[in-house]
Amino acid sequence: MDSSTTTFPPSELLELWFIGQHETSRATPNGPSQTLRDAQDVGYDMLTTPITTASFQARVATQVEEHLQKLSSATSPDAVPVPLISPFSPKDTELTPNDSNSALVAVSSPWIDLGSTDPLIANVSLQVFNLEIAYAAFCGIQHVMLHGPLPGSNTVLYARAVSEALGMGPYIQLHILLPMVGELEQESGDGTHLAELAREQDVSLPEEDDLSEDDFSSWDTWDTLRTVCDYDSRLSIALEIPRQLPNKQVQSRWYSEPVRSMIFPHTSFLRNAKGFPVLHKSHQQYLTQFMRLRQTPWILLADVDPIVPRTESPAPEPTPAEAANLVQKDPVPHLRYLRHLQQTQPPRAPIERFGQGYQDYMQSPLQPLSDNLESITYEVFEKDPIKYDWYERAVALALKDLSAKVGGKREIIVAVVGAGRGPLVSKALLASRSSGVKVKCWAVEKNQNAYVHLQRRNVTDRLWDNKVTIVKTDMRAWKGPVVDGNVEKVDILVSELLGSFADNELSPECLDGVQHVLNPEHGVNIPQSYSAHMTPISTPRLYHDLLSRGGTEKWEIPYVVMFQQFDFLSLQHDKDENPLADVQDAWVFSHPAPTVILDQAEARRGGSAENGGAGGAVGGDGSNEHNSRSCKVKFTIQNHGVCHGLAGYFESVLYASESGEKVELSTNPVTMEAKSCDMISWFPIFFPLKTPIHLPDNAELEVSMWRQTDDRKVWYEWVVEAFVRLNGRKQRVAMSELHSSRKNGCLM
Ligand SMILES: C[S@@+](CC[C@H](N)C(=O)[O-])C[C@H]1O[C@@H](n2cnc3c(N)ncnc32)[C@H](O)[C@@H]1O
């Protein structure tokens, strides 16, 4: 069990939506602070404001035009110095240092072209941009929004400028304004755009191949930017939401990225029957998804309901007719609508409520074998609404099958090994009651603190009625149940030693060690089997999180994490053609293990086995080598993307009855709904990659993974390779290093 190594999940947080207003051509005649107050008066939380004025724009354009004229009459272009943009004068900017600036997003001039292929335009744009960033930082502005590179411009050049700006203002966060697909829907603003002044010979026409833009082109731009800026946490996205949302794959790709604000231009709204602005259902759902993130993006309403400045002198008393009209006319219907959406958000699923605060938070997996869990940790597990009921169903089925085999009169011996605080003991007793099959119950636990709890419960819990035998021991050292002075065999061995990747809490090693107590003829393990599964994912957020941590060990550890802001890279489709992750099988463990296998393992201990005395492949005698596993699995990557690691899941057959009924658990996103919907005990596991792998469209990804053991501990190793098919030949385009958690292995 693995969902939490800490204490209680934090209580449900109040959903806070920060909603602001953005105008592509905002004028702030009374200064941005006053416009902000006007906006706050009508219910906005924040506002965007330009850093410079229209007069500054005109000054720069004139300077460039004059320079171009000089060039045209010059004998040599080298003889004309580049135009230098002088520092701002008060008429160039309305921004001033102010306490309220924290509620402002300053907008860098949309009329510059940092990635221009004309060196003159790129140079002047960079001067303007640097002046703006420096001045915004001086004024105490923390957030600057910047239009993404123009189509056809040099994205790397643009990214270079952005990277420099991040170095200039250590407290400034840059939000790059990007469309989800294609081009921005909002207006580009008035006045001369510097791109218009680019010289023909320097404007490179896109090559034939570049014209085939796809739905991921805007995301590609972002990917270049953040790669050049080395995943800087101060670089994020201001994502414009178009009237028509792109396909689900594009939606989920943006969802996995650091979207700091979602911009809804007026074109993204529809009108309802009463003429009020509303968002389409698909937009509402997409917004809800984002507003469930741990760090919710801001919402910016663009070019809707202009902010009307408050007049200094009070307006004359309105006539009754005017007053009625005023009441009816809402000055901010778009904002009102979003507040309504905020108040009517659908309830969260159980796993979301349970995991609130833990989304995308990487934890080291539990090691219940080598560590003793706290009561509070057990208490969190015990809240699972599914797991325990499924165990009860499984035990009931097994009891019926066994009682048919051994005859109805005999009491069935049930042992819960690793009993914790005893919830599975209760479930076994309830299963006995519901199936009418009598049981004798043992609870085995090595945690001495939980042992006290079990003893007390035996006396106080009416269901237990002092009839459960509590044994404090490591299950591997247990001799078995003693009945009337004789050591008997167990009929049903119930355990829950599963980790996020099935076997990562050493269930196989523990269950092998206790198998000698199980009846060799008909003894049943619950669970009967468990398997590990995986799929490649893109998770810039977790990658960035690891990047910001010290040391290099961090890349060699699998983490338990409730994924939220991520994207599946390999997809299949369900019967309704909805995209679904392609999650593949790694390996499986079944219990009881064949006796010959355990006998051979025992014989290898101490290097004594004939023909096997050479020891284990990766150290030790090889006495646990039967529990090593390996796999090589292949995935197809439909849409290009970046692989940051592998998401791991598990499935388990608790019991498959003789009548064909199966009780199963699953965290695999493909099967969990059918097998154990709403189960919350386990979060998935994440195997990170130190170097993200860029994957082209239709790439083939191959994952090699090992479960290794040297008789003292167990660890995982993983390698990822990417291939493309060129002229029918498979060619490798990228490969990760061999990752290994050997230094952080699970102690046996
Ligand atoms: C994940 S907890 C499950 C507890 C409880 N059965 C439940 O489902 O809530 C696993 C329990 O197994 C115990 N455990 C792990 N390895 C053990 C071993 N080798 N012998 C005895 N107990 C063990 C741990 O101390 C822990 O209480």
Side-chain angles (χ1 to χ4, degrees), residues 1-5 363 365-395 414-431 441-455 457 461 464 468-481 490 492-518 525-527 530 560 591 624 627 650 652 654 665 667 676 679-683 712-714 746-748:
M1 175 173 292
D2 234 333
S3 55
S4 164
T5 53
Q363 309 176 67
L366 286 179
Q367 292 217 23
L369 178 55
S370 50
D371 301 335
N372 278 334
L373 305 180
E374 307 291 338
S375 182
I376 199 92
T377 311
Y378 289 114
E379 195 173 315
V380 173
F381 300 161
E382 289 163 16
K383 290 192 178 11
D384 194 303
I386 300 297
K387 179 190 114 174
Y388 297 99
D389 289 352
W390 263 226
Y391 265 89
E392 182 182 339
R393 284 174 50 214
V395 175
V414 178
V416 177
V417 286
R421 306 199 314 174
L424 292 180
V425 176
S426 297
K427 290 301 184 186
L429 294 171
L430 287 171
C441 235
W442 270 258
V444 178
E445 175 55 58
K446 56 104 198 162
N447 179 347
Q448 77 238 22
N449 309 311
Y451 174 61
V452 182
H453 190 90
L454 288 169
Q455 292 174 90
R457 189 162 183 184
D461 192 320
W464 292 37
V468 180
T469 311
I470 319 283
V471 184
K472 152 78 186 73
T473 181
D474 186 310
M475 65 181 84
R476 294 168 294 182
W478 187 36
K479 299 276 182 301
V490 172
I492 303 179
L493 199 61
V494 183
S495 68
E496 195 285 86
L497 305 160
L498 298 171
S500 296
F501 203 48
D503 47 78
N504 59 303
E505 289 182 11
L506 307 193
S507 182
E509 284 72 18
C510 290
L511 293 182
D512 280 358
V514 72
Q515 191 170 310
H516 62 272
V517 306
L518 190 66
N525 276 90
I526 292 180
Y530 36 87
V560 167
H591 297 282
N624 192 38
N627 283 328
F650 83 87
S652 172
L654 290 184
L665 303 179
T667 64
S676 53
M679 183 172 74
I680 57 177
S681 287
W682 289 270
F683 294 157
R712 288 183 306 114
K713 59 182 182 180
V714 169
C746 315
L747 295 175
M748 286 167 58

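Worth knowing before you read on, the calculation uses all heavy atoms, side chains too, and leaves out hydrogens, waters and symmetry mates. Just so you know, these numbers come straight off a predicted model, no measurement behind them. Numbering of ligands and ligand atoms starts at 1, following listing order.
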| request: Give a yes or no on whether the backbone of D512 and the side-chain of H591 come within a donor-acceptor separation of less than 3.5 Å. | output: no
Only residue of N627, N525, L506 satisfying side-chain contact (heavy atoms from CB on, under 4.5 Å) with L511 is N525
- prompt: If we ignore angles and hydrogens, is there a donor and acceptor under 3.5 Å between the side chains of N449 and N372?
  reply: no
- prompt: Just distances here: any N/O of N372 and N/O of ligand 1 closer than 3.5 Å?
  reply: no
Item to complete: Could you please spell out the steps behind the side-chain contact (heavy atoms from CB on, under 4.5 Å) verdict for V714 and N624?
Response: CA-CA 9 Å; V714 169; N624 192 38; 4.0 Å; yes
- Query: Do the non-hydrogen side-chain atoms of V490 and W442 ever get within less than 4.5 Å of each other?
  - Reply: no
Q. Could a heavy atom of K387 be found less than 4.0 Å from some atom of ligand 1?
A. yes
Any heavy atom of A419 under 4.0 Å from ligand 1? The part involved is backbone
CD (E509) and CG (L747) are apart, to the nearest 0.5 Å, by 11.5 Å
Exercise. Do other residues, nucleotides or ligands put more than 12 heavy atoms under 6.0 Å from the CD atom of Q367?
Worked result: yes
Ligand 1 contacted by Y391 (non-hydrogen, < 4.0 Å):
no
Problem - Flag, side chain of Y388 to backbone of K383, donor-acceptor distance under 3.5 Å - result: no
For P423, the ligand 1 atoms with a heavy-atom partner under 4.0 Å come out as 7 (C), 9 (O)
Check: of E505, K446, Q367, E496, min heavy-atom distance to atom 3 (C) of ligand 1 comes from E496
- V417 heavy atom under 4.0 Å from ligand 1: no
Check: of E379, E445, R476, K427, min heavy-atom distance to atom 24 (C) of ligand 1 comes from E445
Under 4.0 Å from one or more heavy atoms of C510, ligand 1 contributes atoms 16 (N), 19 (N)
task: Examine L424 against ligand 1 and note whether any of their N/O atoms are separated by less than 3.5 Å.
output: no
4.0 Å heavy-atom contact, A450 with ligand 1
no
Exercise. Can you find an N/O atom of N447 closer than 3.5 Å to an N/O atom of ligand 1?
Worked result: no
So for L497 against ligand 1, with non-hydrogen atoms under 4.0 Å, the contacting part is side chain
At under 4.0 Å between heavy atoms, what of D474 touches ligand 1? The answer is both
Checklist entry - Side chains of V416 and Y391: does their closest heavy-atom pair fall under 4.5 Å? => result no
*asked:* Using a 3.5 Å cut-off on N or O atoms only, is M475 in polar contact with ligand 1?
replied: yes
Within the structure provided, determine whether W464 and S426 are in side-chain contact (heavy-atom separation under 4.5 Å). yes
